[in-house]
Protein chains: 2
Amino acid sequence: MRADARDNRARILTAADEVFGQSPHASTDAVAKLAGVGIATVFRHFPTKTDLLEAVLTQRLERLRNQALTLAAGENAGRAFYTFFSQVVVESSAKLAIGDALTSAGIAAGEDARKAAAGLREAFGSLLSEAQRTGAVRGDAGLPEVYALLIGASRGATTRNVDPEVRNRMLGLVYAGLRPAA
Amino acid sequence: MRADARDNRARILTAADEVFGQSPHASTDAVAKLAGVGIATVFRHFPTKTDLLEAVLTQRLERLRNQALTLAAGENAGRAFYTFFSQVVVESSAKLAIGDALTSAGIAAGEDARKAAAGLREAFGSLLSEAQRTGAVRGDAGLPEVYALLIGASRGATTRNVDPEVRNRMLGLVYAGLRPAA
DNA sequence: CTAAATACGGAGAGTTCACTTCGCTTACAA
DNA sequence: TTGTAAGCGAAGTGAACTCTCCGTATTTAG
């Protein structure tokens, strides 16, 4: 692979991350413009628009997964769990919108994105288990519902750009439900 | 207004509710086809596609508002609060998607939809106050964060058609956070 | 029953977007 | 330095979609 080709690929991915982060319905032209390349170059690296969306989504999911794994391995998993939860809620607006665009546009998310999503879920599961072992999270909460709650809280905070203070109070309510009853 | 015109308008609204409920990116043609009218008729009643989306959204919001008001006025507001919360989460998939389509497509939601949304929020606020008065919901929870939580939970349950059992367990976690600490 | 105002629908104009073609340019090996 | 394979971008293609025009059909008042 030629050096300029690799450069352009990276520039396109970065531009796509930003453009689709703001509006997942943006045109491929917009991505090309921001990346400073021609449209054809975008399509040469990512044969369809879905491929491009998927690449962006996969990249984001993997980043989150690595963060979760690092936090789970560290000490004080309980605090780490809540930190990670808050962080995802704050940051994940774009990621979810892109996921929507994928599932609504394409038939289903592609192989790579699916694998990355499963990886994130598993890593989050590790973090949850650790947090439960230290008593920071109630033991009878299963991964499926906690994960659904994570996604939901993210979306709730996302839709309209909610006042940060309201978002924090909302997270407070969520955390009250996650902490052990006693 | 002629009788057939009124009929057609109603038929179009019903069809649009169904079509956009499944996919808010559906074309106006699809709505016309389902309603059994020509495309021009749809555009005569709703000059732009945004107008049509807005009419559908407004209608749904007003329906929810009325339900909330009825429940707030009845007895056992505590139980009613949780019932309403669950119901919105279960049903509101389409409504939220339409709202998204509006805000992403158009510049901002129109006057009618905005008013209807405010009405629903206020009605939900009444329900919340009643539930707090009877001790079913912790008193230090404000409307903004509870409403954000309602929207978030709806979205979490919506995205992928979640297993109903998982959804219920997720709601269980949310409710654990909403109930009084003591 | 009749007339005219009102409503209807299909064909088309104009736009946008994903994706392709092709002549030109650039990186890199010998 | 030079030949060539790989890469590039502008212009073009075709499909889909929103919205309009206009001749035809229907309702309804007198």
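Just so it is clear: chains get the letters A, B, ... in the order the sequence lines come, proteins before strands, and each one is counted from 1. Note that this is a predicted model, so its numbers are computed, not measured.
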I want to confirm an ordering. Mapping B:A3 and B:T48 to their closest nucleotides on DNA chain D, which one lands closer to the 5' end?
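Mapping each residue to its closest nucleotide by heavy atoms, the 5'-most match is B:T48.
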
B:P47 vs B:M1, nearer the 5' end of DNA chain D by closest nucleotide
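Final value for this comparison: B:P47.
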
Between the side chain of [X] and the main-chain N/O of [Y], is any donor-acceptor distance below 3.5 Å?
X	Y	answer
A:R138	A:L178	no
B:R60	B:D17	yes
B:Q87	B:L64	no

Can a salt bridge be assigned to the pair A:E111 and A:K115 using a cut-off of 4.0 Å between side-chain N and carboxylate O?
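So A:E111 does not pair with A:K115 through a salt bridge.
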
Distance, rounded to the nearest Å, where [X] contributes [atom1] and [N] contributes [atom2]:
X	N	atom1	atom2	answer
A:R6	C:dC28	CZ	C1'	13 Å
A:D29	D:dA10	CG	C1'	11 Å
B:N8	C:dC8	CG	P	5 Å
B:L52	D:dC19	CG	P	10 Å
A:D7	C:dA27	CG	P	10 Å
B:K49	D:dC17	NZ	P	8 Å
A:R11	D:dG9	CZ	P	9 Å
B:H25	C:dA18	NE2	P	13 Å

With a 4.5 Å limit on heavy-atom distance, are the side chains of [X] and [Y] in contact?
X	Y	result
A:Y82	A:R179	yes
A:L57	A:D112	no
A:E130	A:F81	no

Counting the atoms with a prime plus P, OP1 and OP2 as sugar-phosphate, which does B:A32 contact under 4.0 Å by heavy atoms, base, sugar-phosphate, or nothing?
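Since no nucleic acid heavy atom lies under 4.0 Å of B:A32, the category is nothing.
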
Near-strand residues of residues 37-46 of chain B, defined as heavy-atom separation under 4.0 angstrom from DNA chain D
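Contacting residues: B:A40, B:F43.
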
Is there a donor and acceptor pair, one atom on the side chain of B:R2 and one on the base of D:dT28, closer than 3.5 Å?
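Side chain to base: no pair present.
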
